[in-house]
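Written out below as C-alpha cells is the structure these notes cover.
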Amino acid sequence: MTNQDIAMILRNAAAAYTIIDEKKHLFQIVAYQKAYDSLIHLPIEVEDALSEGQKIPGIGPSIESHIKDLIKTGRSKHFDSILKHVPASVFPLLDVTTIGPKKAYKLVTALKLKDPETVIDDLIKACQGNKIATIATFGAKSQEDILRALEEYKLGKTKLNRMALPYAFELAKKVEEYLKKGPDVIKVFPLGSLRRMRDTVGDIDFAIATNTPEKVIDYFVKYPGIERVIEKGPTSSSMLVSGGRQVDLLVQDENSFGALLQHFTGSKYHNVALREYALKKGYSLSEKGAKLLKERGQPMKAFRTEEEFYKFLGMDWVPPEMRENRGEVEAALKHNLPKLIELKDVKGDLHIHSSFPIEPSHDMGNDSMEDMLKRAAELGYEYLGFSEHNPSTSNHTKSQVYSILARRKDKIEQIRKSIKNVHVINLLEVDILPYGDLAIDDKAFEYIDAAIVSIHSVFKTPKKEMTTRVLNGLSHPKARIFAHPSGRLINQREGYELDYDRIFEYCIKNNKAIEINAWPTRLDLTDQLVFEARKLGVKFVINTDAHATFQMDNMFYGVSVARRGWCEPKDILNTLPYEEFYKWLTS
DNA sequence: GCCGTTTTCGGCCCGACTGTTTTCAGTCG
C-alpha cells in the first residue's frame with residue numbers, strides 16, 4: 001500500500017464523517033484531513049517511517065494503529081466501519097472542483113448512482129437529462145455549474161492537478177504584467193505556493209493593494225487570456241485562464257496590506273499555527289489584521305507590511321519558503337530562524353554540459369565551454385565545473401574513451417590559460433550502471449578532477465538493490481556528488497526508490513555531497529528530503545544541469561529548494577570560495 | 001483524534017463567495 005493509497009482512505013474517512021454527522025465528528029474530521037495532507041507530503045514511505053519509530057506530524061497513536069492494520073492486512077476495521085455508511089460512488093466526486101462531501105452524497109443518493117467507476121459519466125448524463133435541478137437545494141444554476149465542473153474534470157482540471165513551478169512562474173509573469181497596468185493598482189504580488197516556491201503550484205494567487213477594489217476586480221476579469229470568471233465579489237475574484245489554470249485575486253487597501261500578504265501566502269497550516277498562537281495571546285487574526293478579543297468594538301489593528309504583522313506577534317519575519325509549519329513558528333518566536341542561503345551566496349555551478357564533442361552516453365550541451373564560462377562570469381561565479389556525460393561505452397573501446405577524455409582535458413587546460421576570471425573544474429557526470437559499477441574505469445578517472453555520479457537507466461530496481469547500487473557508485477574515491485538523487489520528473493515520472501537514511505548516513509560518513517538539481521522539472525533532491533537530510537548534517541551542492549547558457553539562470557530554483565529545506569550557506573558546498581571548494585572536491 | 005505556543009486536559013483559524021435559501025449551507029483557500 002502506498003502513502004497515496006493510505007492518504008486517500010483518510011481523506012475518504014474525513015468525508016464520510018462529514019456526511020454522517022459533521023458536528024459530532026468535527027475534530028476527527030480535521031485530524032483525518034491533517035493526516036491526509038501529512039501523508040501526501042511525506043517524502044518516504046509511511047511504512048518505513050513508522051517501523052523506525054519516526055514521528056509523523058498529524059499522526060498520533062490512534063491513526064498510527066489503523067495505518068499499521070492497513071499495511072499489514074490491506075484493511076482497517078476502523079476505517080471500514082466509517083466508510084460503509086457512505087456509498088463508494090461518493091469518493092471519486094471529491095476530486096471534482098466545487099463538489100465536496102455533502103453535495104457528492106446528496107447527488108449519488110438522490111440519483112441512485114452506485115458505481116464508483118462510472119459515477120462521473122453517470123452524473124454528466126443526469127445533468128444533461130435535467131435531473132439535478134429538481135433535487136432539493138439544487139437548481140438550474142447549480143446543475144449548470146456541476147456539469148461544467150465535470151467537463152473540466154474530464155479535461156484534467158481536478159483538485160489534485162498542480163503544475164510544475166516554472167510553468168506557474170511563466171503564467172504568473174504574464175498575468176502580473178497585465179495587472180500592473182490596471183487602474184489604481186498600487187502594488188501587485190504573486191502569492192500562495194508560488195511565493196513559497198513549492199515545486200508544484202495549484203492556483204496562481206495574486207494580491208493587489210488599491211483604494212478602488214471594484215475597478216481593479218473589473219479590470220482583472222478582463223484579462224485577455226481569460227476563459228471564464230469563476231467568482232467575482234467586492235474583495236476577491238477567481239478566473240479560469242486558457243490551459244485550464246485558475247488565477248485568484250484578493251484586493252485590499254494599502255494600510256492593511258501586510259495582513260493580506262501574510263494570509264494569502266500561506267501555507268494553510270502555517271496560518272493555522274499563527275492564529276492558534278495569537279488566540280492564546282487574546283487576538284484573532286485574519287487577512288484584515290488583528291482583533292482584540294475581550295474588547296468588542298475595538299478597531300482592527302492593521303499592518304502595512306508583513307514584517308509589522310509578525311513583529312506584532314513577537315516573531316521575526318518568516319521567509320515564505322519556510323511557511324509550512326515545520327517548526328518555523330517556534331523558531332521565529334525564539335528569534336532563532338536560520339539565516340537562509342541566498343542566490344548571491346552561490347559561487348559556482350558544477351553541473352554544466354557543454355558542446356564539447358565527448359560522444360556521450362546521453363544528451364550533449366548546446367553551447368561551447370567558452371560561452372558557458374562567459375555566462376558564469378556574468379553571474380559573478382568564481383568557478384564552473386564541466387560535467388558532460390561520460391563518453392558512450394557501447395560505441396567506444398576503452399582506449400577510445402581515454403583518448404576522448406584526454407582531448408577534453410587538454411581543451412580544459414587550454415581554457416584555463418586563456419580564461420582567468422573563472423576557475424574551471426574538470427568534472428564528468430558518470431553513470432552508475434545497473435549493478436553499481438561506474439561507466440568508466442579507473443584509468444579514465446585519471447583524466448578528471450572528480451565525478452558527479454547519477455542513475456540514468458533501469459529505474460525500476462527494488463529499493464534495497466537500488467540503494468546498494470548508488471552506494472557502490474559513490475564508493476569510488478573520485479565520486480563526490482550524487483546528482484538528481486531521486487530521478488523524479490515533476491508530473492512526468494516518479495522517482496526510483498531509495499533508502500534515503502542509508503544514503504544520507506553514507507554521505508556524511510564519507511564526505512560526499514548530495515546535489516540539489518535546479519532543472520525546473522527536476523528540483524531534485526526534493527525540499528522535504530533536503531529538510532530531513534540537512535538536519536542529519538548532509539552537505540549539498542546546488543547545480544543547474546545546464547545544457548545551454550540561458551539555463552544557468554535556473555540556479556534560483558535550486559536555491560529555493562535549499563531554502564525550503566532550511567539550508568544556510570554552511571550547508572551548501574558551492575558557497576565556498578574556490579580554493580576551499582576545490583580542496584573539498586579533491587580531498 | 002492530535003497536541004503542548006499559559007494546557008498531559010481542554011482546546012482546536014478565519015473569512016469570502018455562490019446558490020438557494022428568507023437566514024443559511026457548502027465549498028474554497
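Naming convention: chains lettered A, B, ... in sequence-line order (proteins, then strands); numbering from 1 in each chain. The structure displayed is predicted, hence computed values, not measured ones.
Within the structure, a side-chain polar atom (N or O) of A:T235 is placed less than 4.0 Å from OP1 or OP2 of B:dC17. Here A:K268 does not reach the OP1 or OP2 of B:dC13: none of its side-chain N or O atoms lies under 4.0 Å away. Dashed line: the shortest gap from a side-chain N or O of A:K334 to OP1 or OP2 of B:dT5 is not under 4.0 Å. One finds no side-chain N or O of A:K34 lying less than 4.0 angstrom from the OP1 or OP2 phosphate oxygen of B:dC12. Checking the phosphate oxygens (OP1, OP2) of B:dG26, a side-chain nitrogen or oxygen of A:K106 falls inside 4.0 Å. A sub-4.0 Å separation between OP1 or OP2 of B:dA16 and a side-chain N or O of A:K288 is present. An OP1 or OP2 oxygen of B:dT20 is reached within less than 4.0 angstrom by a side-chain nitrogen or oxygen of A:S142. Contact between the side-chain N/O atoms of A:S236 and the OP1/OP2 oxygens of B:dA16 is not found at any separation under 4.0 Å.
Here A:H270 lies out of heavy-atom contact (under 4.0 Å) with every strand. Among the atoms of the strands shown, only primed sugar atoms or phosphate atoms (P, OP1, OP2) are found under 4.0 Å from some heavy atom of A:L285. A:S284 comes within contact range of the sugar-phosphate backbone alone, with a heavy-atom separation under 4.0 Å but no base atom that close. Looking at heavy-atom distances under 4.0 Å, A:I63 makes contact with sugar-phosphate atoms alone, never a base. In this structure, A:I59 reaches the sugar-phosphate backbone alone: every heavy-atom distance under 4.0 Å involves primed, P, OP1 or OP2 atoms, never a base. Heavy atoms of A:I99 sit under 4.0 angstrom from primed sugar atoms or phosphate atoms, though from no base atom. Contacts of A:A136 with the nucleic acid, taken as non-hydrogen atoms under 4.0 Å apart, are absent.
For A:T97, whose side chain is taken as the heavy atoms from C-beta onward, the closest listed nucleotide among B:dC14, B:dC28, B:dG1 is B:dC28. Counting only heavy atoms from C-beta on, A:E231 has its side chain closest to B:dC17 among B:dG15, B:dC17, B:dT27. The side chain of A:H263 has B:dG29 as its nearest neighbour among B:dG19, B:dG29, B:dG1. Ranking B:dG1, B:dG19, B:dC2 by closeness to the A:P61 side chain, first place goes to B:dC2. Of the candidate nucleotides B:dG26, B:dT18, B:dG29, B:dG26 has the atom lying nearest to any side-chain atom of A:K102. For A:R275, the listed nucleotide lying nearest its side chain is B:dC13; candidates were B:dC2, B:dC13, B:dG1. The side chain of A:S286 approaches B:dC14 more closely than any other nucleotide in the set B:dC14, B:dT27, B:dT18. Comparing B:dA16, B:dT18, B:dG29 by their closest approach to the side chain of A:D203 singles out B:dG29. Distance from the side chain of A:E330 is smallest to B:dT5 among B:dC17, B:dG19, B:dT5.
In this structure, A:E214 atom CD and B:dC17 atom P are separated by 12 Å, rounded to whole Å. Between the CZ atom of A:F138 and the P atom of B:dT27 there is a distance of 8 Å, given to the nearest Å. Atom pair A:E64:CD and B:dC2:P shows a separation of 9 Å (rounding to whole Å applied). B:dC14 atom C1' lies 20 Å from atom NZ of A:K301, rounded to whole Å. Between A:D248 atom CG and B:dG15 atom C1' the separation is 14 Å, expressed in whole Å. In this structure, the CD atom of A:Q252 is 13 Å from the C1' atom of B:dC14, given to the nearest Å. A straight line from CG of A:D37 to P of B:dC28 spans 14 Å, rounded to a whole angstrom. For the pair A:L107 CG and B:dT27 P, the computed distance is 9 Å after rounding to whole Å.
Note that CG of A:L249 is 6.5 Å distant from CG of A:L179, once rounded to the nearest 0.5 Å. The CG atom of A:N491 sits 7.0 Å away from the CG atom of A:N161 when rounded to the nearest 0.5 Å.
Stacking of the aromatic ring of A:F27 onto the base of B:dC12 is found: the ring centres lie under 5.5 Å apart and the planes are inclined by under 30°.
A distance of about 11 Å separates the C1' atoms of B:dG26 and B:dT20, rounded to the whole Å. A gap of 13 Å separates the P atoms of B:dT8 and B:dG4, to the nearest Å. B:dC28 and B:dT22 have their C1' atoms separated by 25 Å, with the value rounded to a whole Å. Rounded to whole Å, the P atom of B:dC17 lies 22 Å from the corresponding atom of B:dC13. B:dT21 and B:dT27 are spaced 16 Å apart, taking the P atom of each and rounding to whole Å. Taking atom P on both B:dT7 and B:dC12, the two are 15 Å apart, rounded to the nearest angstrom. Of the C1' atoms belonging to B:dT6 and B:dG11, the separation is 12 Å, rounded to the nearest Å.
Here B:dC24 sits opposite B:dG19 as a Watson-Crick or G-U wobble pair (both hydrogen-bonding atom distances under 3.5 Å).
Using a 30° and 60° split on the angle between ring planes, A:F309 and A:F303 fall in the perpendicular class, above 60°. Ring geometry for A:Y557 against A:F169 counts as perpendicular: the plane angle is over 60°, on a 0 to 90° scale with 30° as the lower cut. Ring geometry, A:Y223 versus A:Y178: the interplanar angle exceeds 60°, so the pair is classed perpendicular (tilted spans 30 to 60°).
Between A:P57 and A:L279, the residue whose closest nucleotide on DNA chain B is further toward the 5' end is A:P57. When the nearest nucleotides of DNA chain B are assigned to A:Y17 and A:G233 by heavy-atom distance, the more 5′-ward of the two goes with A:Y17.
In this structure, A:I99 and A:K103 approach most closely via the heavy-atom pair CG2-CB, 4.2 Å. Scanning all heavy atoms of the two residues, the minimum distance from A:E324 to A:R196 falls at OE2-NE, 2.8 Å.
Side chain A:K280 to base B:dT7: a donor-acceptor pair is found below 3.5 Å.
Looking only at side-chain heavy atoms (C-beta outward), A:I146 and A:C127 come within less than 4.5 Å of each other.
Heavy-atom contacts from other residues, nucleotides or ligands closer than 6.0 Å to OH of A:Y167 number 12 or fewer.
In this entry the base of B:dT7 is syn relative to its sugar, with a glycosidic angle within 90° of 0.
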